Every structure is written in structure tokens, then in C-alpha cells.
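Let me begin by presenting the structure, written as C-alpha cells, before commenting on it.
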Amino acid sequence: MELKSNQASPVLTDPASLNKSKLGIHSRLPYSQPGASFSGKCIAIPRKKPGKLDDVRSNGWLDAMKSSSPPRKKLIKDFNADVGLDDFDIAYCSWMLKYPSALKYFEKIMSEAKKKKIAIFSDYDGTLSPIVDDPDRAIMSDGMRSAVRNVAKYFPTAIITGRSRDKVYELVGLTELYYAGSHGMDIMGPVDHTVSDDHPNSIKSTDQQGKEVNLFQPAREFLPMIDEVFRTLVENTKSVKGAKVENHKFCVSVHYRNVDEKSWPTIAQCVHDVLKDYPRLRLTHGRKVLEIRPVIDWNKGKAVEFLLESLGLSDSDDVLPIYIGDDRTDEDAFKVLRKGNRGYGILVSSVPKETKAFYSLRDPSEVQEFLLSLVRWKKLEKEFESATSSLFTKGAQATSGLEKER
Ligand SMILES: O=P(O)(O)OC[C@H]1O[C@H](O[C@H]2O[C@H](CO)[C@@H](O)[C@H](O)[C@H]2O)[C@H](O)[C@@H](O)[C@@H]1O
């Protein structure tokens with residue numbers, strides 16, 4: 001399959017035009033700062049001690065950190081103020097009226113897909129593997145791997161993750177997929193197909209098997225900066241028990257899942273202080289993780305659009321993209337699919353959440369069931385097509401036989 005894209009390069013977004021409180025960018029910061037260049041040369045590593053905690057309290061970071069994985073009781077209260085703790089199932093069921101189960105509505109989804117090509121996009125953590133305390137142990141089950149492998153036999157399938165592309169490939173291990181790491185800022189096709197190299201952000205590289213491939217990396221110039229920020233954060237958070245910093249090539253993750261809640265403000269302040277020195281980086285919130293990434297107009301939604309276009313699947317009348325994901329960074333992809341009813345977002349959640357998805361699945365085991373249903377559906381469709389075509393051939397042969405006899 002030939003891959004091509006004519007999409008414009010992602011443009012650096014002026015932080016002044018962004019919703020600063022939402023992104024967690026300090027309002028006093030100038031857009032560019034002397035010494036904060038990302039040329040990769042001679043950048044001094046800021047080694048700051050965690051400063052005052054007022055910043056992170058006043059800008060809402062701490063509230064966002066708490067709500068990234070709030071206790072069940074709080075979620076129910078927030079979602080439906082009238083129900084009590086024992087009424088969780090009622091709250092979930094009433095939420096599901098708005099975001100029905102993709103398993104229960106499978107036939108309906110497939111009726112939309114008739115005569116269309118389906119493209120499958122999936123997030124990794126919390127979607128294909130359950131959330132666990134140690135990010136290095138987020139192992140995909142053999143059953144899930146086999147379901148994803150089978151899905152990829154019938155539909156173009158991509159994994160779009162906040163992790164680095166190398167890391168997610170190591171965890172998934174399937175060469176037949178498309179991988180977009182670092183929230184879509186690092187895209188590579190499967191080994192036998194490559195992303196077009198006529199794009200300004202495409203570069204040639206080699207894959208794990210040493211084969212030449214084209215990569216799409218819209219934030220390439222940020223590499224040295226991200227590396228510095230990673231090292232600074234490792235240093236600055238080393239005294240906080242349970243904190244873990246991951247380098248995902250074009251973004252950095254600071255985990256606080258295993259940090260005592262009393263120390264969350266310290267973690268937030270460390271990140272906040274570092275970001276002050278790097279106004280061209282911004283913060284996003286994931287599941288008990290703070291993520292630092294370049295301020296470019298690129299996200300998982302843009303990655304979905306890029307892949308659809310690259311794969312020649314951008315004609316919305318012929319293609320039904322389905323995106324499955326569980327966290328806030330997946331909302332960008334849900335929004336893209338919701339716009340113009342282009343396709344379906346499926347949120348993986350066992351608690352009610354505001355989302356731009358259309359459907360829901362409770363957990364990765366339901367995701368696996370959904371993927372298996374897709375494979376069964378496709379096999380049946382193929383069987384039906386071949387039965388119809390052989391009936392047609394037999395009919396045509398019989399007619400021509402009759403005509404000869406005449
Ligand atoms: O886009 P994703 O594939 O969902 O990746 C998002 C983050 O996933 C990982 O962290 C999350 O999963 C961990 C393992 O279950 C869990 O310990 C952590 O609390 C979650 O935030 C990954 O480690 C992050 O770097 C990704 O950004």
C-alpha cells in the first residue's frame with residue numbers, strides 16, 4: 001500500500017493564543033526566552049529545587065492531578081449529585097445511555113460500516129493493557145495480542161500512544177501495525193509499508209529489523225530540549241519517593257501514581273518550575289501522570305488524520321475510522337472523528353466521564369471482545385461474499401448451459 005500525505009506541517013502555536021490556565025502555562029511567561037533555544041547546543045540544564053507550592057495550587061494543577069484518577073465516590077458525586085455511594089451501577093447505567101456499550105451496539109456500528117473500509121486506531125495503556133502501578137509492567141496479554149494481530153489481517157490498524165514508539169513496539173511486538181509514539185509525534189508504518197518521504201517532517205530511518213523506513217516526526221527539533229528536561233526532572237524528583245520520570249523521545253512523563261498524595265504538590269511544583277524555563281513546552285494530564293510536550297499544533301487527533309490521509313483513507317464517505325482509548329489525550333482523536341460524523345470514538349472507562357466519544361467499553365477485556373467481534377464479522381462478510389459470488393458463477397454457468405442446449 002502506498003502511503004502519501006499532503007498535510008501541512010504542524011505550526012508552532014503561540015502560547016499567547018492558547019488557554020493558558022487549561023494548559024498549565026504560567027501567565028507571566030514570555031513566548032520566547034533568552035537561553036531557551038532548542039538548537040541542541042550549549043543549553044544549560046536548569047537545576048532548580050522545588051519552589052513555593054502556591055503556583056501549582058493556584059493554577060489548578062493539583063485539582064487536575066486529583067481528578068485524573070479520582071476515587072469512585074467522588075466521581076459518582078460529580079457526575080450525579082443525587083445518588084449515593086451504593087448507587088454506582090445506576091450512575092454508570094445512566095451514563096451509558098449517553099455512551100452505549102460498543103459491544104451491545106456492535107450490529108448498529110457494523111451497519112454503518114457496510115461497504116466502507118474500517119480503519120482501527122487504538123491507544124495502548126488502559127486500552128490494550130490494564131493500568132498497573134509500574135509502567136514497565138504494562139504487559140499486553142497473549143489473548144489481546146492475538147486479537148490485535150487478527151484485526152490487523154483485515155483492517156489497517158494503528159496504535160497511537162503517549163509512550164515512545166520503540167517502547168510500545170517492544171510491548172506489542174507486531175510488525176503488521178502502524179505505530180504513532182509520543183502522542184502522534186513519531187509515526188512509522190508497518191515494515192512492509194512506509195510513510196511517504198515527500199513530507200517536510202518525514203525522515204528516512206531503519207526499523208528494528210534494519211529495513212529502511214520513513215518516519216514522520218513533526219517535533220524533531222525538540223529532541224535535545226526534551227532530553228534535557230528529562231534529565232532535569234529525574235534529578236529534581238529523585239528525593240520524592242515513588243516518582244518516576246520516563247523519556248518518551250518527544251515528550252516526558254512524570255508519574256505520581258506511587259507517590260504519597262502529600263507529596264503531589266512537590267511533584268507538580270518540580271514540573272512547573274522546569275516548564276518556566278521552557279516556554280516552548282507545555283503540560284498535559286494523563287492517568288496519574290504529568291506529561292510535558294512541545295507546544296506544537298499536533299496531537300493524537302492530528303495523527304489519526306495524518307494516518308488516514310497517508311493510507312489513502314481520508315474519503316469519509318468510504319471509510320469508517322474507529323478509535324479506542326481511555327484517557328484525556330485520546331479526546332483529541334474522539335473530537336476529530338465526531339466532527340462531521342466521520343467515525344466512532346470508543347471510550348474505555350468503568351466510571352462515568354465526560355467525553356467526545358460515541359460509545360464505551362468497560363475495560364481492556366471488553367476491548368478484546370470488541371476486536372474479536374470485528375474479526376468474526378469480517379470473516380462472515382467474506383464467507384457471504386464468496387458464497388454469493390459462487391452462486392452467481394453457478395447461475396451464470398447454468399444459464400449459458402441452457403442457452404447452448406437451445
Ligand atoms: O497513550 P497511552 O498509550 O494511554 O499512554 C499514556 C501513558 O501510559 C503509561 O502510563 C499509564 O499507564 C501506566 C501502566 O499501566 C500507569 O502506571 C500510569 O499511571 C498511567 O499513566 C505510560 O507510562 C506513560 O508514559 C504514557 O504517557
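All residue numbers refer to positions in the sequence shown, counting from 1. Computed from a predicted structure; not experimentally measured. Remember, it's 1-based here, ligands and their atoms both numbered in the order they're listed.
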Closer than 4.0 Å to some heavy atom of D133 - which atoms of ligand 1 meet that? 17 (O)
D123 N/O to ligand 1 N/O under 3.5 Å: yes
Looking at ligand 1, is there an atom of it that comes within less than 4.0 Å of some heavy atom belonging to C251? no
Atom indices of ligand 1, in the order listed, that fall short of 4.0 Å to a heavy atom of P130: 15 (O)
OH of Y105: more than 12 outside heavy atoms within 6.0 angstrom? no
Step through the shown structure and confirm whether more than 12 heavy atoms of other residues, nucleotides or ligands are within 6.0 Å of CG on D142. no
Close-contact set for ligand 1 against V289 heavy atoms, below 4.0 Å: 21 (O)
The protein heavy atom nearest to atom 21 (O) of ligand 1 is R287 O, 2.5 Å
Between I159, V132, T127, which one has a non-hydrogen atom sitting closest to atom 13 (C) of ligand 1? V132
Can you find an N/O atom of G286 closer than 3.5 Å to an N/O atom of ligand 1? no
For the ring pair F334 and Y323, is the centre-to-centre distance below 6.0 Å? yes
Output yes when a side-chain donor or acceptor of D133 lies under 3.5 Å from a complementary backbone atom of N258, and no otherwise. no
In ligand 1, which numbered atoms sit nearer than 4.0 Å to a non-hydrogen atom of H248? 24 (C), 25 (O)
When only distance counts, is H183 in polar contact with ligand 1, meaning an N/O pair under 3.5 Å? no
In this structure, atom 26 (C) of ligand 1 is nearest to the protein heavy atom E291 OE2, 3.6 Å
Are the side chain of D330 and the backbone of D327 linked by a donor-acceptor contact shorter than 3.5 Å? yes
So is E246 polar-close to ligand 1, meaning N/O to N/O under 3.5 Å? yes
Just need the protein heavy atom nearest to atom 3 (O) of ligand 1, so name the residue and atom and give the distance. T161 OG1, 2.7 Å
For the side chain of S101 and the backbone of K104, is there at least one donor-acceptor N/O pair under 3.5 Å apart? yes
What is the nearest protein non-hydrogen atom to atom 10 (O) of ligand 1, stated with its residue, atom name and distance? H255 CE1, 3.4 Å
Atoms in ligand 1 with a heavy atom of S253 nearer than 4.0 Å: 24 (C), 25 (O), 27 (O)
Can you confirm whether more than 12 heavy atoms, excluding those of K116, are under 6.0 Å from its NZ atom? yes
Run the salt-bridge test on K300 and D123 with the 4.0 Å N-O cut-off and return the result as yes or no. yes
May I ask you to identify the nearest protein heavy atom to atom 19 (O) of ligand 1, giving residue, atom name and distance to one decimal place in Å? R257 NE, 2.5 Å
Which is it for V168 and ligand 1 at heavy atoms under 4.0 Å: side chain, backbone, both or neither? neither
Identify, for atom 6 (C) of ligand 1, the protein heavy atom at the shortest distance, and state residue, atom and that distance. D327 OD2, 4.0 Å
What are the atoms of ligand 1, with element, lying closer than 4.0 Å to any heavy atom of Y124? 3 (O)
Taking only Lys NZ, Arg NE, NH1 and NH2, and the carboxylate oxygens of Asp or Glu, determine whether R231 and E228 approach each other closer than 4.0 Å. no
For K378, does the NZ atom have more than 12 heavy-atom neighbours from other residues, nucleotides or ligands under 6.0 Å away? yes
Check for me whether the distance between the ring centres of W298 and F216 falls short of 6.0 Å. yes
Can you tell me which residue among V375, I120, L374 is in a side chain to side chain contact (heavy atoms under 4.5 Å, CB included) with Y154? V375
Looking only at distances, please establish whether an N/O atom of ligand 1 is found under 3.5 Å from an N/O atom of K300. yes
Is the closest basic N to carboxylate O distance between D260 and K241 below 4.0 Å? no
Could you tell me the residue and atom name of the protein heavy atom closest to atom 8 (O) of ligand 1, and the distance to it rounded to 0.1 Å? D125 OD2, 2.9 Å
